[in-house]
Amino acid sequence: MNATHTRLAAWDVLGTRLAGVTGSMDAMKESELAGWNVRKVGMTLTDMTDTGVTSLDVPDRYATVRTNPATGATEYLGVVGGHYQPIQNEEHAGLLDAVIDTGDAEWVAAGASHKGKRTFMTMRLPDEVQIGGKDALGLYLVAFNSHDGSSSFKFAVTPVRVACTNMQAAAIRGAVSSFSIRHTSGAGRELAEARRALNLTYKYTEAFEREAEALLARNMSPRQFDGFADQLYGIRDEGKAKKAAIKARDGLLALYRESDTLDGIRGTRWGAYQAVTEYIDHVAPVRGRDAVLARATRSFDGASGRMKQAAFALLGD
């Protein structure tokens, strides 16, 4: 399975590449994230009955809207509560500028998903991790924001495997990989804490490297990998297991046997983990006509990260 040339990171699929961009405002303009002016507006409801039509104000809920920078039209984003305070895309980008204290960090991509409800920005950090001296991981700072109240503002340090752009995710005891800021009136004060929090996330990278080295040092036979795949997808009895779970397991087993991205690490627990991340990011079945777009969107929604964390935990036992 020679597919390395088809593997794209989620931000490359969903966003605009920012090669050569050096400042946050240029990044905003290039990715069409500037000038949205996300704001809250009051809501009313219309009640239509046999006796007539009644309009009522909704006192405790607000709609979030943006100005489309291309058309100037007002567009609906979501519904939020009274304490919600929008964090503008410009603030989002400015935070990345502020927390990065090295000129060697590079803007990679930025964009929006879910019809503008969510945005992301990505920078590549100058450091690179070598697992076992042979398996390179690039380090990225990814900042996420939502304008519909679905999630807080968050930034995370994310290792990405160079060989196949798999996004790594592991819950490591005592290490923090991300920092969140709620959309409240205190958000401005919390933004000032971001630099301190970023230093904590760097410690996660160091802890992740140690755990990864330990996985690389542990061999895993084909039979052991089969058992791991069954456990990961909750298959105890083949005859009683869900068809979707069996299909996912079989897809993972095929990738593990055939993918050339695992050459040199296949037969180790680190190789098993990379098979899982590659399968989730680039192969697993998804709904929708555009499978690549659907997988990229899912990568930012959290569910795929939880599955990767579960795999990492199982392999570390």
How close do [X] and [Y] get, counting heavy atoms only, and between which atoms?
| X | Y | value |
| --- | --- | --- |
| Ser151 | Ser146 | O-OG, 2.7 Å |
| Ala34 | Pro69 | O-CB, 3.6 Å |
| Phe153 | Ala143 | CZ-CB, 4.2 Å |
| Tyr279 | Pro285 | OH-CD, 3.4 Å |
| Ala245 | Ile235 | O-CD1, 3.7 Å |

Report task. Any chance you could pull the hydrophobic cluster mates of Tyr76, using side-chain heavy atoms under 4.5 angstrom and chaining through other members? Result -> Met43, Leu45, Leu56, Val58, Val79

Taking atom [atom1] of [X] as the centre, report whether more than 12 heavy atoms of other residues, nucleotides or ligands fall under 6.0 Å from it.
| X | atom1 | answer |
| --- | --- | --- |
| Glu213 | CD | yes |
| Asp50 | CG | no |
| Glu90 | CD | yes |
| Lys40 | NZ | yes |

Okay, side chain of [X], backbone of [Y]: is any donor-acceptor separation there less than 3.5 Å?
| X | Y | answer |
| --- | --- | --- |
| Tyr233 | Ala244 | no |
| Asp57 | Pro59 | no |
| Glu211 | Phe208 | no |
| Thr268 | Arg218 | no |
| Arg295 | Ile280 | no |
| Lys134 | Gly264 | yes |
| Thr64 | Gly78 | yes |
| Gln309 | Arg306 | no |
| Gln274 | Leu262 | no |
| Asp135 | Ile265 | no |

Query raised in the report: With Arg17, which residues qualify under side chain to side chain contact (heavy atoms under 4.5 Å, CB included), at least two apart?
Result: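 Arg17: side chain to side chain contact (heavy atoms under 4.5 Å, CB included) contacts with Asp12, Val108.
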
Check whether [X] and [Y] end up in the same hydrophobic cluster, where Ile, Leu, Val, Met, Phe, Trp and Tyr are linked by side-chain heavy atoms less than 4.5 Å apart.
| X | Y | answer |
| --- | --- | --- |
| Leu314 | Met220 | yes |
| Val162 | Leu215 | no |
| Trp107 | Leu141 | yes |
| Ile246 | Tyr256 | yes |

Query raised in the report: Checking side chain to side chain donor-acceptor pair (under 3.5 Å) for the pair Asn89/His147: CA distance, chi angles, key distance, verdict?
Result: CA-CA 10 Å; Asn89 295 336; His147 296 305; 2.9 Å; yes

Any non-hydrogen side-chain atom of [X] less than 4.5 Å from a side-chain atom of [Y]?
| X | Y | value |
| --- | --- | --- |
| Val160 | Leu137 | no |
| Val80 | Gln85 | no |
| Val38 | Val65 | no |
| Asn145 | Met121 | no |

Requested in this report: Any chance you could lay out the side chain to side chain donor-acceptor pair (under 3.5 Å) test for Gln130 and Glu209, step after step, and finish with the verdict?
Outcome: CA-CA 8 Å; Gln130 289 280 346; Glu209 182 177 4; over 6 Å; no

Between [atom1] on residue [X] and [atom2] on residue [Y], distance to nearest 0.5 Å:
| X | Y | atom1 | atom2 | answer |
| --- | --- | --- | --- | --- |
| Leu252 | Leu232 | CG | CG | 7.0 Å |
| Thr119 | Gln88 | OG1 | CD | 10.0 Å |
| Met307 | Thr277 | CE | OG1 | 12.5 Å |
| Ser304 | Lys308 | OG | NZ | 5.0 Å |
| Leu77 | Arg118 | CG | CZ | 12.0 Å |
| Leu18 | Arg124 | CG | CZ | 15.0 Å |

Query raised in the report: So does Arg249 pair up with Glu238, basic N to acidic O under 4.0 Å?
Result: yes

Report task. Test ring pair (Phe, Tyr, Trp, His ring centres under 6.0 Å) on Tyr62 and Tyr84 and set out the steps. Result -> CA-CA 9 Å; Tyr62 297 84; Tyr84 179 93; 9.8 Å; no

Query raised in the report: Any chance the side chains of Ser259 and Arg266 put a donor and an acceptor closer than 3.5 Å?
Result: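 Arg266 and Ser259 do not have a side-chain donor-acceptor pair below 3.5 Å.
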
Report task. Examine the side chains of Thr261 and Glu278 and answer whether a donor and an acceptor come within less than 3.5 Å of each other. Result ->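 Per modelled atom types, Thr261 and Glu278 side chains form a pair under 3.5 Å.
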
Report task. Run the numbers on Asp148 and His114 for side chain to side chain contact (heavy atoms under 4.5 Å, CB included), then give the verdict. Result -> CA-CA 10 Å; Asp148 63 350; His114 302 80; over 6 Å; no

Query raised in the report: Of Phe144, Phe120, Tyr140, which is the lone residue that meets ring pair (Phe, Tyr, Trp, His ring centres under 6.0 Å) with Trp11?
Result: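 The passing option is Tyr140.
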
Query raised in the report: Parallel under 30°, tilted from 30 to 60°, perpendicular over 60°: which one fits the rings of Phe312 and Tyr273?
Result: perpendicular

**Report entry** Counterpart residues, salt bridge (Lys or Arg N to Asp or Glu O under 4.0 Å), relative to Arg66 (two or more places apart)
**Finding:**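 Listed in chain order: Glu75.
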
